[in-house]
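I have placed the structure first, in the form of structure tokens, so that the comments after it can refer back to it.
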Amino acid sequence: MYSEKVMDHFTNPRNVGEIENPDGEGTVGNPTCGDMMTIYITVKDDKIDDIKFKTFGCGAAIATSSMITELAKGRTVDEAYAIGRNDVAEALDGLPKVKIHCSNLAADALQTAIEDYRSKNS
Amino acid sequence: MIYMDHSATTPVREEVFEIMKPYFTRSFGNASTFYSLGREAKEAMENARENVASIIGANKDEIIFTSGGTESDNITIQGIAYKLNEMGKGNHIITSSIEHPAVMETCAVLEKKGFEVTYLPVYEEGIVKIEDLKNAIKEETILITIMHANNEIGTLQPVNEIGKIAKENKIKFHTDAVQSVGKIPVDVNEMNVDLLSISSHKIYGPKGIGALYIKKGTRLQPILFGGGQEKDLSPGTENIVGIVGLGEACRLAKEELEKNISYVTNLRDKLIDGVLNSVEKSYINGDKNKRLPGNVNFRFTGIEGESIVLMLDAKGITSSTGSACSSTKLTASHVLKAIGLENVDSHGSLRLTIGPENTEEEVKTVIKEIPPIIEKLRSLSSIWNK
Amino acid sequence: MIYMDHSATTPVREEVFEIMKPYFTRSFGNASTFYSLGREAKEAMENARENVASIIGANKDEIIFTSGGTESDNITIQGIAYKLNEMGKGNHIITSSIEHPAVMETCAVLEKKGFEVTYLPVYEEGIVKIEDLKNAIKEETILITIMHANNEIGTLQPVNEIGKIAKENKIKFHTDAVQSVGKIPVDVNEMNVDLLSISSHKIYGPKGIGALYIKKGTRLQPILFGGGQEKDLSPGTENIVGIVGLGEACRLAKEELEKNISYVTNLRDKLIDGVLNSVEKSYINGDKNKRLPGNVNFRFTGIEGESIVLMLDAKGITSSTGSACSSTKLTASHVLKAIGLENVDSHGSLRLTIGPENTEEEVKTVIKEIPPIIEKLRSLSSIWNK
Ligand SMILES: Cc1ncc(COP(=O)(O)O)c(C=O)c1O
Ligand SMILES: Cc1ncc(COP(=O)(O)O)c(C=O)c1O
Ligand code: FES
Ligand code: FES
């Protein structure tokens with residue numbers, strides 16, 4: 001069902017955790033639906049300097065969270081903001097159809113975190 | 001591999017496979033033909049029918065073969081509903097809220113066709129209350145269909161009492177015994193049951209074959225039509241290989257029943273104690289005692305079941321979950337909802353179902369592997385706060 | 001043993017059995033689960049689906065697995081009838097008068113439920129006339145269900161023309177291809193067919209498994225309810241062993257189709273000539289050319305088929321008959337009646353159906369054994385006057 005890349009990110013998730021006093025923080029999802037994701041970022045010189053996540057959810061939810069932290073790290077804030085839902089799925093060599101819903105959350109969570117950062121710094 | 005998903009399916013036992021073998025390529029006759037090869041097939045089939053009847057205390061001519069538990073459930077529920085309704089006997093069906101989809105969905109379709117269905121609650125224990133059943137019965141009630149053992153949480157329903165009440169009220173009683181036959185004693189007479197569903201692949205027989213006990217004199221309206229096989233109720237060329245396999249699986253299961261019950265119960269209790277003791281905020285879903293010998297259904301706060309199953313799978317341990325995320329419909333198991341779990345809690349379920357070929361060593365391994373997995377997933381979880 | 005009843009059933013081929021083996025005891029997972037073992041099962045199943053699709057020129061996602069030809073026919077005919085009728089499209093069904101009971105009985109039941117069914121005549125040749133079909137079509141016609149090859153007399157129906165007419169009139173077209181798939185070319189596109197039934201045990205696959213081709217976009221009302229497997233149309237835990245067997249049987253049948261057709265046709269023609277030349281008042285039922293490569297259906301005046309079958313059986317030759325005496329209902333085969341045989345004549349039928357594993361030697365033996373049997377039975381017969 002899951003690609004090897006999904007399984008890799010699921011079993012060895014990157015950038016797990018919380019950041020104290022992050023520059024931006026975004027939470028999406030709803031635990032009653034079985035998925036809730038929080039992404040924390042710090043920004044330095046307009047680049048994502050550090051990024052961490054915490055996720056309650058299935059294998060796909062965890063893998064997409066992990067993947068998006070890798071995709072975003074080191075990019076400019078605008079570039080990171082532009083990472084779309086499909087980019088994450090593609091980077092993981094695809095996701096099962098039924099899992100598209102929860103895997104979309106990763107891109108949403110990152111965007112929410114960036115919006116949080118922007119609103120604090122505008 | 002440590003296989004602990006016996007409620008999903010079981011391998012075909014070597015002994016069962018051996019008995020089946022000659023019927024693939026040598027004694028392959030069509031049982032409805034009357035020449036030697038057909039008679040050979042027919043004899044094997046009748047011998048199997050005897051073995052199936054025997055494990056539930058029925059007569060041979062009260063057993064028909066079907067393509068599985070799903071067909072048995074459908075033949076019964078649609079068959080009784082249409083027949084009795086046509087005869088003007090009423091349109092009310094009583095079932096439980098934790099039935100297998102083969103019963104649940106069939107009842108739902110009948111509702112759309114004008115039948116009335118009462119879904120009895122099962123409370124936190126996952127067991128229907130006799131009082132509720134009594135209150136639900138009315139003049140129009142034509143069928144009570146309540147499963148013997150639940151496939152997810154393994155709880156046992158009070159089928160003997162249900163049967164007694166059904167009989168007193170002259171209502172037909174069907175039980176889906178797919179999970180109980182071969183694992184605990186099942187006797188159609190003690191149960192006062194009119195119809196009982198069996199599936200082969202849950203008891204080390206092949207997939208694609210099942211049986212239905214139909215008490216002598218019970219009339220059903222057929223739902224499939226064809227060459228008249230199996231009393232016009234499950235037509236089609238008889239699946240001799242499957243039938244022979246199911247028969248042998250029943251024979252062996254009956255022979256080893258006592259031994260297996262105590263062996264599997266012991267493993268189950270060790271597994272429950274081992275995990276509950278080493279993982280905080282872990283619980284058992286459903287009544288702790290009135291459950292199948294081999295069924296364990298854990299609940300872990302703060303994490304999601306599919307990820308537990310995947311991590312166990314990576315360690316070579318096969319398990320399952322009722323979490324919404326593991327279903328194609330993305331809704332939590334109706335069984336977990338029925339025992340009152342809030343959605344968040346229903347996500348963290350883990351089912352381990354033990355069979356007689358599991359060893360104490362394997363149980364120890366599972367007890368060792370689970371805690372670090374739970375800990376890891378909780379450390380990732382956005383809703384877990386230690 | 002000389003087995004010449006291939007239209008009744010076939011053995012599982014050794015190659016097919018070999019492919020099936022690992023799925024009994026090792027890769028036995030439930031295909032609806034998502035851990036490794038379930039995925040293995042699922043992959044095997046999808047590979048088989050590809051092979052089934054391929055033999056009829058369909059797409060993989062247009063194939064569902066069923067428990068056999070009977071279920072495929074029922075799912076289709078009930079499913080289309082209920083669905084289209086519910087949508088207000090009409091209540092008229094056209095079929096032939098020589099369908100298998102799985103079609104015939106299903107249509108009969110629909111008649112009782114208010115549908116109108118036209119049974120097209122097949123004349124002496126055992127083939128429907130396109131003119132009759134055209135005349136039967138009316139505004140209320142929702143389904144044409146006409147078999148590809150007949151199971152008793154082997155005659156082939158003009159399915160391509162039928163499909164063309166069905167398409168022109170926007171009527172759904174189903175064909176029961178249980179006897180033709182794997183024996184003659186079958187292409188759903190050339191046929192313009194919307195639904196097509198397949199059974200595994202007629203083509204050296206295991207019993208208890210079949211398939212149904214459902215053209216993309218065709219909607220059916222389900223008749224069995226459960227866990228949602230096979231697009232909600234044939235629910236129940238997937239019979240992986242059976243599915244894998246059917247897939248391999250299709251793959252092999254496709255590969256060997258050309259070779260088998262010419263080989264079997266040659267044996268058939270030898271058998272026909274051999275017997276007709278040596279037995280007086282012997283005839284062939286159904287069209288001599290438009291028939292399955294392997295089907296021979298003799299008629300011998302003055303004697304009864306069951307006794308011929310039994311005498312051949314005593315000589316180690318397996319055959320069958322459409323005689324009333326061989327059926328549990330004691331009425332002559334509706335197929336023989338439909339080709340206009342008076343009851344007396346219909347009794348003397350003998351079906352020999354040849355498969356690619358039959359040899360020329362075997363055919364010679366059969367040609368040698370039949371005449372003395374016929375002579376002996378005629379010498380006993382009260383209605384035979386030389
Ligand atoms: C033409 C035809 N249709 C349907 C069937 C039924 O198939 P099954 O035996 O797989 O149910 C058969 C054979 O029995 C057949 O010959
Ligand atoms: C309680 C129960 N009923 C019915 C079924 C359906 O049986 P089958 O898979 O043989 O159709 C199952 C298993 O899937 C089950 O656990
Ligand atoms: S978190 Fe529920 S499907 Fe992924
Ligand atoms: S002669 Fe005996 S059944 Fe027909």
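Chain naming here is simple, since letters A, B, ... match the order of the sequence lines and numbering starts at 1 in each. We use all heavy atoms of the structure for the numbers below, so side chains are in, but hydrogens, waters and symmetry mates are not.
C/Leu310 CG to C/Ile373 CD1: the interatomic distance, rounded to the nearest 0.5 Å, is 10.0 Å. Rounding to the nearest 0.5 angstrom, the gap separating the CG atom in C/Leu143 from the NZ atom in C/Lys83 is 15.0 Å. Distance CG/B/Asn358 to CD/B/Glu362: 5.0 Å, rounded to 0.5 Å. Note that the CD atom of B/Gln221 and the CG atom of B/Leu233 stand 10.5 Å from one another [nearest 0.5 Å]. Interatomic distance, B/Asp176 CG to B/Met104 CE, rounded to the nearest 0.5 Å: 12.0 Å.
When the candidates B/Leu312, B/Ile243, B/Val309 are compared by the number of heavy-atom contacts under 4.5 Å with chain C, B/Val309 comes out ahead. In terms of heavy-atom pairs under 4.5 angstrom with chain B, the leader among C/Ser199, C/Ala108, C/Pro101 is C/Pro101. Counting heavy-atom pairs under 4.5 Å between each of B/Glu238, B/Lys207, B/Arg13 and chain C puts B/Lys207 at the top. Listed options B/His100, B/Gln78, B/Glu14 were ranked by heavy-atom pairs under 4.5 angstrom with chain C; first place goes to B/Gln78. Of all the listed residues (B/Phe34, B/Tyr204, B/Phe17, B/Phe225), the one sharing the greatest number of non-hydrogen pairs under 4.5 Å with chain C is B/Phe225. Heavy-atom pairs under 4.5 Å with chain B were tallied for C/Ser36, C/Gly29, C/Ser320; the largest tally goes to C/Ser36. Chain C forms more heavy-atom pairs under 4.5 Å with one residue of B/Ile75, B/Val103, B/Val109, B/Ile240 than with any other, namely B/Val109. Between chain C and the options B/Met1, B/His201, B/Gln229, B/Glu71, the largest number of non-hydrogen pairs under 4.5 Å is found for B/His201.
B/Tyr35 touches chain C through backbone and side chain together, each having a heavy atom under 4.5 Å away. Residue contact with chain B, scored on non-hydrogen atoms closer than 4.5 Å, involves the backbone of C/Ser319 exclusively. Only the side chain of C/Thr33 comes within less than 4.5 Å of a heavy atom of chain B; its backbone N, CA, C and O stay farther away. Of the atoms belonging to B/Asn239, heavy atoms from both backbone and side chain fall under 4.5 Å from chain C. Only the backbone of B/Thr10 comes within less than 4.5 Å of a heavy atom in chain C; its side chain stays farther off. For chain C, no part of B/Val241 is nearby; none of its heavy atoms comes within less than 4.5 Å. Both the backbone and the side chain of C/Phe24 come within contact range of chain B, judged by heavy atoms closer than 4.5 Å. For B/Tyr3, the part lying near chain C is the side chain, with the backbone staying farther off; criterion is any non-hydrogen pair under 4.5 Å.
Under 4.0 Å is where a charged nitrogen must lie from a carboxylate oxygen, and between B/Glu40 and B/Arg26 no such pair does. Comment: C/Arg39 does not engage C/Glu46 in a salt bridge, judged by the lack of any side-chain N to carboxylate O separation of less than 4.0 angstrom. A salt bridge links B/Arg351 to B/Asp5: one of the charged nitrogens lies within less than 4.0 Å of a carboxylate oxygen.
Formation of a donor-acceptor pair under 3.5 Å by the C/Glu99 side chain with backbone atoms of C/Met147 is found in this model.
No more than 12 heavy atoms of other residues, nucleotides or ligands lie within 6.0 Å of NZ in B/Lys315, so this atom counts as exposed by the packing criterion.
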